[in-house]
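Read through the structure below, which is laid out as structure tokens, and then see the notes.
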Amino acid sequence: MEQTLNVTTTLTQFAQKHIKPFVLDWDKQSAFPKELFCQLAEMGLMGMLSMPEYGGLALNYEAYADAITTISQYCGSVGLSIAAHNSLVSQHICQFGNEAQKKKYLPGLCNGSSLGAWALTEPNAGSDAAGMTCSALRTDKGWALNGCKTFITQGASADVIVVIAKTDNGKNGHTAFLVEKNTPGFSAGKPLEKLGMRASETVELFFNDCIVSDDTRIGAVGNGFKQTMQILDGGRISIAALSLGIAKGAYELALQYAKKRQQFGKAIIDFQAIGFKLAEMATKIYAAELMLKDVCIKKDAGANTIKESAMCKLFASELAVKVSGEAVQIMGGNGYMTGFGVEKYYRDAKLCTIGEGTSEIQKLIIQREISR
Ligand SMILES: Cc1cc2nc3c(=O)[nH]c(=O)nc-3n(C[C@H](O)[C@H](O)[C@H](O)COP(=O)(O)OP(=O)(O)OC[C@H]3O[C@@H](n4cnc5c(N)ncnc54)[C@H](O)[C@@H]3O)c2cc1C
């Protein structure tokens, strides 16, 4: 509890000074604010879930989710980048890497000198990730990676990338590897242009006879897909936290606007149509907060949270889209204009129902879990 309170207060002050004033410019220029990550690292935000012996804060999930929510209230793109770095990359190494890999990569990932990316999705394998074609073939020089990944968050700026590939032409399932940015045969495409989350870099990655040693393999050959499913379970909590932050940010802007904006001689919040919208937004945000808190408490207690993580991600991400859309509506023409910032929440929110498993896939997971 105390961890959570400290995180919120410190990050709110930081975000108001170092994120809020620049958000609209970053969005307009699709600029990935890489330098910000060094400042975030000074506060421990790049190693939130990692163990202290490697430079991490070892926060519990409740405090971690709170940090992602707080940052995302100001900028969803920064929230998304921190979430990918912490819950996908560092967690993959923490949970499944060997001691040498932890010692080699985690200190840099925690202190911000190194940025991480996590590469699963391919042009023809998104929801059906197991259908990937990117392959890792054992050769006498090491593992030869060949193929393409797409939509990879900070894939071009990352120093190290966790890559999941089909092993030995599919004979040995899937395996995860750590690929460093300067490895011959590895290259990244130009940043893809997007609807929202424009200050988060999203790229394609190419592997063309990219040889990596067996030391880069994470865990046993063939365990990559199982690892991926476990990592995505934590990742869904991050996206729920990101969604909640976006919803809260949009709601707060709309609330303040509705109190000030006068039409027909009174504040628009006093029209029941607008006041009720805000009441519903506040209620659903409260529900999402409680769901997120509950799943974090369960995760921190070591429980299996597959169903709850999917439910929370589904609810919070759909809520972010709904709330940010209503916030634009409440702010009318001004809401539609870029200067007020609320349309950015609306554009950013849509990623949340897609990334780390679409809403439809969350329903499949929930259906599977409740049918057991
Ligand atoms: C900004 C951004 C950042 C991302 N960052 C990363 C990253 O860092 N690393 C990474 O690996 N990936 C990343 N992704 C990829 C993301 O996880 C995928 O986009 C997502 O999993 C969906 O895959 P897809 O885009 O191929 O859609 P598809 O799988 O082609 O789905 C298209 C539609 O079909 C529906 N659908 C598919 N299968 C079913 C089914 N069985 N039942 C019902 N409906 C179904 C989907 O719900 C969706 O509505 C990112 C994506 C975006 C947009």
- What about Tyr345 and Tyr74, are their ring centers closer than 6.0 Å? no
Quick check against the 3.5 Å criterion: does [X] have a side-chain atom that pairs as donor or acceptor with the backbone of [Y]?
X      : Y      : result
Glu122 : Cys134 : yes
Arg347 : Ala349 : no
Lys248 : Thr69  : no
Ser309 : Ile306 : no
Ser200 : Met197 : no

Residue pair [X] / [Y], side-chain donor-acceptor N/O under 3.5 Å:
X      : Y      : answer
Asp233 : Thr305 : yes
Gln39  : His18  : yes
Arg198 : Gln29  : no
Thr167 : Thr175 : yes

- Sequence neighbours left out, what pairs pass ring-ring contact (aromatic ring centres under 6.0 Å, His included) with at least one residue falling in residues 157-215?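 Residue pairs passing ring-ring contact (aromatic ring centres under 6.0 Å, His included), neighbours aside: Trp143-Phe177, His174-Phe225, Phe186-Phe207.
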- Is the Phe340 ring parallel, tilted or perpendicular to the Tyr257 ring (thresholds 30°, 60°)?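 Rings of Phe340 and Tyr257: perpendicular, over 60°.
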- Item | Student check: side-chain heavy atoms of Gln73 and Thr12 closer than 4.5 Å |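 With C-beta onward as the side chain, the pair stays apart.
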- Pair Asp25 + Lys28, salt bridge at N-O below 4.0 Å: no
